[in-house]
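Only a predicted model underlies this, so the values are computations on that prediction, with no experimental measurement involved. Chain A is the first sequence line, chain B the second, and so forth, proteins listed ahead of strands; every chain is numbered from 1.
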Number of protein chains: 2
Amino acid sequence: MSIFFSRQCEYAIQGVLYLALKPQGEMTSIKELTKRLDIPYHFLAKILQRLATTGLLTSAKGPTGGFALGKPAKEITLFDIVEAIDGSDFMDKCVLGFPECSGKNPCSVHSTWGRMRDEIYQMLVSKNIAEMAREMKKPEYRAAAG
Amino acid sequence: MSIFFSRQCEYAIQGVLYLALKPQGEMTSIKELTKRLDIPYHFLAKILQRLATTGLLTSAKGPTGGFALGKPAKEITLFDIVEAIDGSDFMDKCVLGFPECSGKNPCSVHSTWGRMRDEIYQMLVSKNIAEMAREMKKPEYRAAAG
DNA sequence: TGTTATTAGGACGACTTACTCTGAAACAAC
DNA sequence: GTTGTTTCAGAGTAAGTCGTCCTAATAACA
């Protein structure tokens, strides 16, 4: 299928980004998130729970409860979210699937792909959520979160 | 899951690469391929059939039958195989899954990811099978195909 | 012509991912 | 304490992907 992130991971990123747009510490209910982001309610609930257990988010039950970032937005990178949901196997597996492919025994796209993978990794760790949220507030971007 | 190619696509690439190492026009049976590449027999059969219907491979039944490249190896690119199996949707979908994301309305990684995607595309179209097969023959690479 | 080696193609099962449902637990407000 | 709102937890459903099996078609060859 040639994808990069799983659906779950996409939703996780969108959710965290939405929370980052809120005043720090403010709790947001799944209902609000699900409505604004157009993601199935229970599915998103599962994903947020998962992010909460890894510490990326905090949660509170009851009325006025909901989810919020577990630490300052600028300390959360895209990679943190990807790793929590999808894992980071893609970093060390041969892109063509050759089991024998390694540094000493490289397949024909090993070095090229390796370079690109490093760039992707750099993008993931250098992009923090605070920065991304700021960019999304700009008038150029009027999307799901407002 | 953070992958790039599906399992099917990986197998397809490995299979075509193996065929490219053979003298031109020589038929190779699934049995040989499956044994050398360690891919489930019937699953590989399906994949090769699919590649044959798109013209990338030719096939012949009966004894002495099998599969062979449908055109010169240097005219087949990685992209041809990927497109035949996985399609090329990844080229124009937002990597974060925002349905509203587009050139006019870019998400916060839109341009960065776009650049990387272009690089990946360039890699896929510039790598032809003949070249890759040559590299695999070098002593540095002694893998599945020999 | 019959046998054997091979692909073609459809039906099927297992497994994974995406998504739903339900009931319980926690909590705040009254 | 009661009530309503929310997350938590786990099981259940649906769809897609991975992989198997079986039968038919085809070609070589004795």
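Side-chain atoms of A/I47 and A/Y11, non-hydrogen and from C-beta on, do get closer than 4.5 Å to each other. The shortest distance between side-chain heavy atoms of A/L33 and A/I39 does not fall below 4.5 Å. Residues A/E119 and B/R115 fail the side-chain proximity criterion, which asks for heavy atoms closer than 4.5 Å. In this structure, the side chains of A/T58 and A/F67 stay at 4.5 Å or more apart for every pair of heavy atoms.
Remark: A/Y41 engages no residue in a ring pair (Phe, Tyr, Trp, His ring centres under 6.0 Å) (not counting sequence neighbours). Residues satisfying the side chain to side chain contact (heavy atoms under 4.5 Å, CB included) test with B/S102, not counting sequence neighbours, are B/K104, B/N105. Here B/T54 pairs with B/L56, B/A84 under the side chain to side chain contact (heavy atoms under 4.5 Å, CB included) rule; sequence neighbours left out.
Between B/F4 and A/W113, the ring planes lie tilted relative to each other; the angle falls in the 30° to 60° range.
Using a 4.0 Å cutoff on non-hydrogen atoms, the parts of residues 60-70 of chain B near DNA chain D are B/K61, B/G62, B/P63, B/T64, ordered by number. The stretch residues 42-52 of chain A touches DNA chain C through A/H42, A/F43, each having a heavy atom within less than 4.0 Å of the strand.
Between the CD atom of A/E32 and the C1' atom of D/dT7 there is a distance of 16 Å, given to the nearest Å. For the pair A/F5 CZ and C/dT17 P, the computed distance is 16 Å after rounding to whole Å. Atom CD1 of A/I30 is separated from atom C1' of C/dC19 by 14 Å (rounded to the nearest Å). Rounded to an integer number of Å, the gap from B/R7 CZ to D/dT20 P is 11 Å. Rounded to whole angstrom, the span from the CD1 atom of B/I3 across to the P atom of D/dT17 amounts to 10 Å. Across the protein-nucleic acid pair, B/D86 atom CG and D/dG16 atom C1' stand 13 Å apart, rounded to whole Å. B/I85 has its CD1 atom 15 Å from the C1' atom of D/dG19, to the nearest Å. Whole-Å rounding puts the A/D38 CG to C/dC19 C1' distance at 14 Å.
For A/Q8, no side-chain nitrogen or oxygen approaches OP1 or OP2 of C/dT17 to under 4.0 Å. For A/Y11 and C/dC19, the shortest distance from a side-chain N or O to OP1 or OP2 is below 4.0 Å. At the phosphate of D/dC21, neither OP1 nor OP2 sits under 4.0 Å from any side-chain N or O atom of B/Y41. Taking 4.0 angstrom as the limit, A/S59 places a side-chain polar atom (N or O) nearer than this to OP1 or OP2 of D/dC8.
With axes fitted over five pairs at each extremity, the angle between the ends of the helix from C/dT1-D/dA30 to C/dC30-D/dG1 is 10° (10° resolution).
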Evaluate salt bridge (Lys or Arg N to Asp or Glu O under 4.0 Å) for B/E75 paired with B/K71, printing each intermediate quantity in order.
CA-CA 7 Å; B/E75 290 177 21; B/K71 46 184 174 180; 5.6 Å; no
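The pair A/K93-B/E10 does not count as a salt bridge, with every side-chain nitrogen at least 4.0 angstrom from each carboxylate oxygen.
Of all non-hydrogen atoms in B/D86 and B/C9, the two that sit nearest each other are OD2-CB, 3.3 Å.
Between B/F79 and B/Y121, a ring centre-to-centre spacing shorter than 6.0 Å is recorded.
Side-chain atoms of A/P40 lie closest to C/dT20 of the nucleotides D/dG19, C/dT20, C/dT6.
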